[in-house]
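Input: a single structure, listed below in structure tokens.
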Amino acid sequence: MSWWATPLTAPRVRDPEPTLAVVADRVGLAGAFALGAGFKRRHGVGPSEFRLREAGTRHGA
């Protein structure tokens, strides 16, 4: 993942509306796979797991 894309991804991944492919496109990555690989390297979990955890946190789970 590009150094400049890294800080842009977490806030966009938190939003459940856009697909991960759309998020990847918005931050200038080649696709959802590139987003997933870089996101997991940076955050320790993939973007889908990150979304689930964030949703649980927001809903008090």
Side-chain angles (χ1 to χ4, degrees):
M1 184 177 306
S2 302
W3 64 269
W4 55 266
T6 301
L8 303 175
T9 57
R12 287 183 166 92
V13 167
R14 279 187 188 101
D15 183 357
E17 285 299 313
T19 65
L20 295 177
V22 169
V23 172
D25 185 59
R26 288 180 181 167
V27 297
L29 297 170
F33 182 80
L35 172 67
F39 196 91
K40 188 168 186 172
R41 257 193 321 273
R42 170 80 175 174
H43 296 280
V45 296
S48 296
E49 177 67 22
F50 184 83
R51 274 186 173 173
L52 290 172
R53 291 180 181 186
E54 289 292 309
T57 300
R58 282 188 295 234
H59 299 295

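Position 1 is the first residue of the sequence, and the numbers go up from there. Scope of the values below: all heavy atoms of this structure, side chains included, with no hydrogens, waters or symmetry mates.
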*Does Arg51 use its side chain to pair, donor to acceptor, with the backbone of Asp15 at less than 3.5 Å?*
yes
_Rounded at 0.5 Å granularity, tell me how far NE2 in His43 sits from OG1 in Thr9._
4.5 Å
*Gap between atom OG1 of Thr19 and atom CG of Leu35 - 0.5 Å precision*: 10.0 Å
*Look at the side-chain heavy atoms of Ile, Leu, Val, Met, Phe, Trp and Tyr, link any pair under 4.5 Å apart, and say whether Val45 and Val23 land in one connected group.*
yes
*Taking all heavy atoms of Val27 and all of Leu8, pick out the closest pair and write down the distance.*
CG1-CB, 3.7 Å
*List the atom of Pro47, the atom of Val13, and the distance in Å for their closest heavy-atom pair.*
O-CG1, 3.5 Å
*Mind listing the closest non-hydrogen atom pair of Gly31 and Ala24 along with its distance?*
O-CB, 3.3 Å
